[in-house]
Amino acid sequence: MIRFLNPAMLNLRMSLGAYCVICCRRIGTSASLPKSLTSWKHVRNIVKFTGSLILGGSLFLTYEVRALQKSLTLDTQVVEREKMKSYIYMDTIPLDKIENYGIVWQTRRELHKAVRKVLTISARILRSPFDDYQYRLIAQASDWRTLIGLARSKESDLRFFLPPPPLPSLKEDFSTEEELRHLLALLPHTELDECIQHFTNVALNESSQSLAAQKGGLWCFGGNGLPYVESLGEVPSATVEMFCLEAIVKHSEISSHCDHIEAHGGLQLLQRLYHIHKDFPKVQRNIMRIIGNMALNEHLHPAIVRSGWVSIMAKAMKSHHIMKASHAARALANLDRETVQDKYQDGVYVLHPQCRTSQPIKADVLFIHGLMGAAFKTWRQQDSERGQAENALEDEEKYTTCWPKTWLAKDCPALRIISVEYDTTLSDWRARCPTERKSIAFRSNELLRKLRAAGVGDRPVIWIAHSMGGLLVKKMLLEASKKPELSTIVNNTRGLLFYSVPHHGSHLAEYSVNIRYLLFPSLEVKELSKDSPALKVLQDDFLEFAKDKNFQVLSFVETQPTFIGSMIKLHVVPVESADLGIGELILVDVNHLNICKPKEKDAFLYQRTLQFIRETLARDLDN
């Protein structure tokens, strides 16, 4: 609004003007004095008049300018507020075109800086009451790095994220299944290992009916029990989508193939499948695995964000299902290059911290599961008798507390807790890839590579392993000691905690080998037999190595037999096999599956584990 001048201000302005005019006239009409009569008095008068003129003119001009500014000042707050509201109803502008929008871009850039400050101040600010349009404004104004930071902030509101853009229509006469098969057919099929070729060929050539009929019990998508005898005659449920996704997971581990997935619309197609199969956690997890693998390639980050995956993962992060949340956390961590330097490859999951945090991380604790185990299911609270009877292992809804993520993270917040997952089988009947024969030595090198990429070795480390996982840990440390680039992993290892690790062989392997013509024991099982030369060499080499490094060692061992299926009962790891030869050995009145599953937080198993971690890392955690 324009402001009018009052009479007093007008008179003052006229007086200043008149004074300046009089001064000018006096100078202009004064007679020139003879040069001989010029005196210092006249010089002073000239300086006096000139100074008055300059001073008066300056005051006049300054007052005029300030008065003009005030008179023409508009209520900019009202204008800005209305302009902000108009942005709420605008379509989202592509990130690569936003610089063409002038003032809008300036406003968004300023808001982007403000949002970054919000992220670094406190999580409490994110709980401040905003109007919906303010959330939407921030969502549209923020660049993709800020959105990733918001998604990885524990207390962020989901209204900070715009809904994913509309998905393209399906091709005429094409179903999602056919689109998926078409995408898989477009991916490179050269220079692939035998397993990737196998996954691809099965997905492209077989229908779900013929696949189930022909393959029978060959396929297994993970588990945590030993039910292979019971399920030999069962036909696993599988769809073409599932097999296609399994194949694409393998392809997404190859960087150049990720470019092809993105170029052929894979990000949008996977998003369509993610929403269609919202009631099928296994399908959604495989899709999230693909996105997490693609996020390892930084040049694909803008495409992943533009396709709307950040908002989907931000919602998944808040899920009470640990597997869903952890897969989303891995993908977001791989996208967050501003605060995360490490890269988490497929099978490496951070259980704590999964969000951005100001808590300094002083040490790593790594969890390595054993045969038929998994990154989340192995390390959970012991199932009740009723839960075991109902076979809760197969139902994610019935999974009990994952104690490393809940109990340990709360008791030791300065730890980074990582759980590793890899595929194993007891029998070649259940092999996911019939051509795959992975030895302990092969797996240890594979896991070493992944863990080093995740930054393991940069800080003190404690290894916690169950069953065959302990043999992998021993092999990894021996292999790391031979490679200079991996020496930090050995040098920073502080302790080892073993849950029923068969250092000298397992009765399970002995049992399986004796009836090999029925069970076709896998290579992993054969390596666990008591007469295995590889196992003996591993034990002898590691024992000498561990004594030299003075590692702290604690071992638990089961004393109860374990049901394998519904008919066979077996003491999987006897006491004499679980004795490494150094450190403390503790007998626990549980079976092989429950040796790593404390019943409650106050149980001896957990409290003794916690004590070992705190004592071994005492010096590191106090620094």
Side-chain angles (χ1 to χ4, degrees), residues 226 366-373 378 420 422 424 426 438-445 447-448 461-481 490 493-513 521-562 570-588 590-596 605 608-609 612 616:
L226 306 175
L366 309 180
F367 287 82
I368 316 294
H369 66 77
L371 278 171
M372 301 299 293
T378 294
V420 176
Y422 57 96
T424 62
L426 287 172
K438 290 186 177 181
S439 64
I440 291 176
F442 179 90
R443 292 188 189 280
S444 66
N445 283 302
L447 292 181
L448 264 179
V461 181
I462 285 183
W463 302 79
I464 299 180
H466 174 235
S467 190
M468 193 189 79
L471 304 180
L472 281 172
V473 170
K474 290 160 57 177
K475 188 64 176 177
M476 280 191 281
L477 290 173
L478 286 173
E479 291 297 321
S481 66
V490 176
T493 292
R494 298 290 190 266
L496 309 166
L497 197 156
F498 296 129
Y499 292 102
S500 287
V501 173
H503 302 291
H504 304 280
S506 168
H507 287 329
L508 174 64
E510 186 178 325
Y511 175 84
S512 299
V513 171
S522 63
L523 179 58
E524 299 102 314
V525 171
K526 292 176 183 177
E527 286 189 322
L528 295 181
S529 60
K530 290 185 177 181
D531 57 353
S532 168
L535 195 62
K536 188 177 187 307
V537 171
L538 175 61
Q539 168 61 16
D540 293 342
D541 290 348
F542 184 78
L543 186 58
E544 182 180 356
F545 170 74
K547 287 179 179 178
D548 179 63
K549 294 296 182 180
N550 196 28
F551 295 144
Q552 298 299 307
V553 178
L554 174 63
S555 300
F556 295 101
V557 60
E558 75 223 40
T559 59
Q560 292 184 5
T562 303
L570 188 67
H571 197 163
V572 179
V573 179
V575 174
E576 61 272 16
S577 182
D579 187 0
L580 178 61
I582 57 175
E584 183 180 3
L585 178 65
I586 300 177
L587 280 64
V588 186
V590 293
N591 63 29
H592 187 71
L593 296 181
N594 290 332
I595 189 66
C596 55
L605 262 174
R608 185 65 184 91
T609 297
F612 176 80
T616 305

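Nothing fancy with the numbering, it's 1 onward along the sequence. In this text the structure is predicted, and so the values were computed from the model without any measurement.
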Sequence neighbours excluded, every pair satisfying salt bridge (Lys or Arg N to Asp or Glu O under 4.0 Å) that has a member inside residues 494-503: Arg494-Asp620
Tell me whether Glu544 at atom CD has more than 12 heavy atoms from other residues, nucleotides or ligands lying less than 6.0 Å away. no
Find the distance between CZ (Arg443) and CE (Met468) and round it off to the nearest 0.5 Å. 6.0 Å
Please report the closest heavy-atom contact between Met476 and Ser444, naming both atoms and the distance. CG-O, 3.4 Å
Answer whether the closest heavy-atom distance between the side chains of Val501 and Val573 falls below 4.5 Å. no
Distance from Met372 atom CE to Ser467 atom OG, nearest 0.5 Å? 12.0 Å
Beyond-backbone contact of Gln539 with His504, side-chain heavy atoms, under 4.5 angstrom: yes
Of all the heavy-atom pairs spanning Ser577 and Gly505, show the shortest one and how long it is. OG-O, 2.5 Å
Nearest 0.5 Å, what's the NE2-CG distance between His592 and Leu371? 7.5 Å
Which heavy atom in Val557 sits nearest to a heavy atom in Ala578, and how many Å separate them? CG2-CB, 3.4 Å
Quick check: do Leu472 and Ile440 have side-chain heavy atoms less than 4.5 Å from each other? yes
Close side-chain approach of Asn591 and Glu558, heavy atoms under 4.5 Å: no
Contact check, side chains of His503 and Phe542, non-hydrogen atoms, under 4.5 Å: no
Stepwise side chain to side chain contact (heavy atoms under 4.5 Å, CB included) check, Leu366 with Val420: CA-CA 8 Å; Leu366 309 180; Val420 176; 5.7 Å; no
Thr616 versus Phe612, closest heavy-atom pair with distance: OG1-O, 2.7 Å
Atom CZ in Phe498, atom CD1 in Ile368: separation rounded to 0.5 Å? 11.0 Å
How long is the span from the NZ atom in Lys474 to the CG atom in Leu535, to the nearest 0.5 Å? 6.5 Å
Side chains of Asn594 and Leu605, heavy atoms from C-beta outward: is any pair under 4.5 Å? no
Could you give the distance from CZ (Phe556) to CG (Leu587), rounded to the nearest 0.5 Å? 11.0 Å
Whether the side chain of Ser506 engages the backbone of Val572 through a donor-acceptor N/O pair (distance < 3.5 Å, no angle test) should be reported. yes
I want to check something: taking the side chain as every heavy atom from C-beta on, are Thr378 and Tyr499 in contact at a cut-off of under 4.5 Å? no
Any side-chain heavy-atom pair of Leu570 and Thr562 under 4.5 Å: no
Looking at every non-hydrogen atom in both residues, tell me the closest pair between Leu477 and Val490 and how far apart they are. O-CG2, 3.6 Å
Evaluate the ring planes of Tyr422 and His369, with Trp represented by its six-membered ring, and classify them as parallel (under 30°), tilted (30 to 60°) or perpendicular (over 60°). parallel
Testing the basics here: between Leu543 and Leu580, what is the closest heavy-atom pair and its distance to 0.1 Å? CD1-O, 3.5 Å
